Amino acid sequence: MDPTPVLILAPLPDFLLEPLRAAHLCHDYFHATDKEALLAEVGGQIRAIVMAGGSVAPVALLERLPKLEIISVFGVGYDGVPVDWCREHGIRVTNTPDVLTEDVADTASALVLMTSRNLIAANRFLHAGAWLKGPFPLAHAVRGKLAGIVGLGRIGKAIAKRLEAHGMRIAYHGRTRQDVTWEFFESLIELAKASDFLIVACPGGGATKHLINAAVLQALGGDGTLINIARGSVVDETALIEALQNGTIRAAGLDVFEDEPRVPEALLRCENAVLLPHLGSGTHETRRAMAALVVDNLAAHVRGKPLLTPVC
Ligand code: NAP
């Protein structure tokens, strides 16, 4: 069988690139200096795309790949893929769910503790020798507090379990009520009002753009903390910066941003924000498991077998 021509749309780790290159004919669109020339040369042959969760496959690009059969996303979020267009054009889409759930939930739960106990500032305090001059200020306990989860999916549920172990109460908002014992809020504003921590774990994309806006932050209130491990697009970053500056909310813990890796100066200056460089699934173990899923999905497709983790 001839190797499948694959277009690589994102910077990928060697442990994914190596097996891909061994099995397929890979063309690196992401690093190509002359992308037009690459498309002119190989666009007509490409049968598969591999991209990352944070990358984008615009329709204008896909239209130039007439033999495209499958897009494999190295990540669970596929908001960068025009899924409806792919469905219409018979292009399959796969992602890497489940294998990253526990690491992302660990990151969310760490952000809850880092923001509530002020651990990053405490670390800086000690490194700066300030402990010799006096004790670190008291922080806030999490036990008994309400964690409102926006998007109670695989990751949202794993976050809820961790936070329950910390003695927190759980409630959630989503488009549908689920068969769980945690309280469901049909209204996001009402959930924000009730929550001490509002934790965003829903998908990104057009449907959730700026779901967390100034009104939601106002409802969360001056004792409230926003945690976002979902996608930067879900939070109106300008409104969030204002809320952090004015004390409309107490703190934020963010793993994702609207224009990664660019983070606004004003947000970098917010002492009440704990900021992580989108590392939710960033462990050796998880990224290798995600890479294996990408490789196995492509292999299944090429062999005409069912996909392991189909989106469509
Ligand atoms: P999932 O199992 O599909 O869960 C998504 C949840 O969001 C579902 O419960 C869904 O419930 C809810 N939802 C969908 N649209 C919504 C809306 N408009 N408003 C409120 N809730 C909505 O996905 P997952 O595996 O948990 O992943 C969730 C997201 O986490 C991914 O899409 C990705 O963007 C992000 N993520 C981030 C990292 C990181 O490194 N920071 C890593 C992995 C994933 P309903 O259908 O009932 O609304």
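None of these values were measured; they are calculated from a predicted model. Start at 1 and go down the list; that is how both ligands and their atoms are numbered.
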- Message: At less than 4.0 angstrom from any non-hydrogen atom of Thr176, what atoms of ligand 1 do you find?
- Response: 45 (P), 47 (O)
- What atoms of ligand 1 come within less than 4.0 Å of a heavy atom belonging to Gly280? 39 (C), 40 (O)
- Among the heavy atoms of Gln178, does any lie under 4.0 Å from an atom of ligand 1? yes
- Message: Check for me whether Ala201 has a heavy atom closer than 4.0 Å to any atom of ligand 1.
- Response: yes
- Task: Determine whether the side chains of Glu186 and His173 contain a donor N or O and an acceptor N or O closer than 3.5 Å.
- Result: no
- Check each heavy atom of Arg175 against ligand 1 and say whether those closer than 4.0 Å belong to the side chain, the backbone, both or neither. both
- Message: Once you restrict to heavy atoms under 4.0 Å, what part of Pro203 touches ligand 1? Side chain, backbone, both or neither.
- Response: both
Check this for me - ligand 1, [X], N or O atoms closer than 3.5 angstrom, yes or no?
X	result
Asp255	yes
Gly156	no
His278	yes
Ile229	yes

- Task: Give the C-alpha distance, both sets of side-chain angles, the deciding distance and a yes or no for salt bridge (charged side-chain N to carboxylate O under 4.0 Å, His left out) between Arg177 and Glu183.
- Result: CA-CA 9 Å; Arg177 183 191 293 270; Glu183 188 180 357; over 6 Å; no
So which protein heavy atom does [atom] come closest to, and at what separation?
atom	answer
atom 25 (O) of ligand 1	Arg154 NE, 2.9 Å
atom 26 (O) of ligand 1	Ile155 N, 2.8 Å
atom 21 (N) of ligand 1	Gly174 CA, 3.6 Å
atom 31 (C) of ligand 1	Val76 CG1, 3.8 Å

- Query: Any protein heavy atom sitting closer than 4.0 Å to atom 13 (N) of ligand 1?
  - Reply: yes
- Under the side chain to side chain donor-acceptor pair (under 3.5 Å) rule, what pairs show up with a residue in residues 147-164, not counting sequence neighbours? Glu102-Arg162, Asp106-Arg162, Lys157-Gln178, Glu164-Trp182
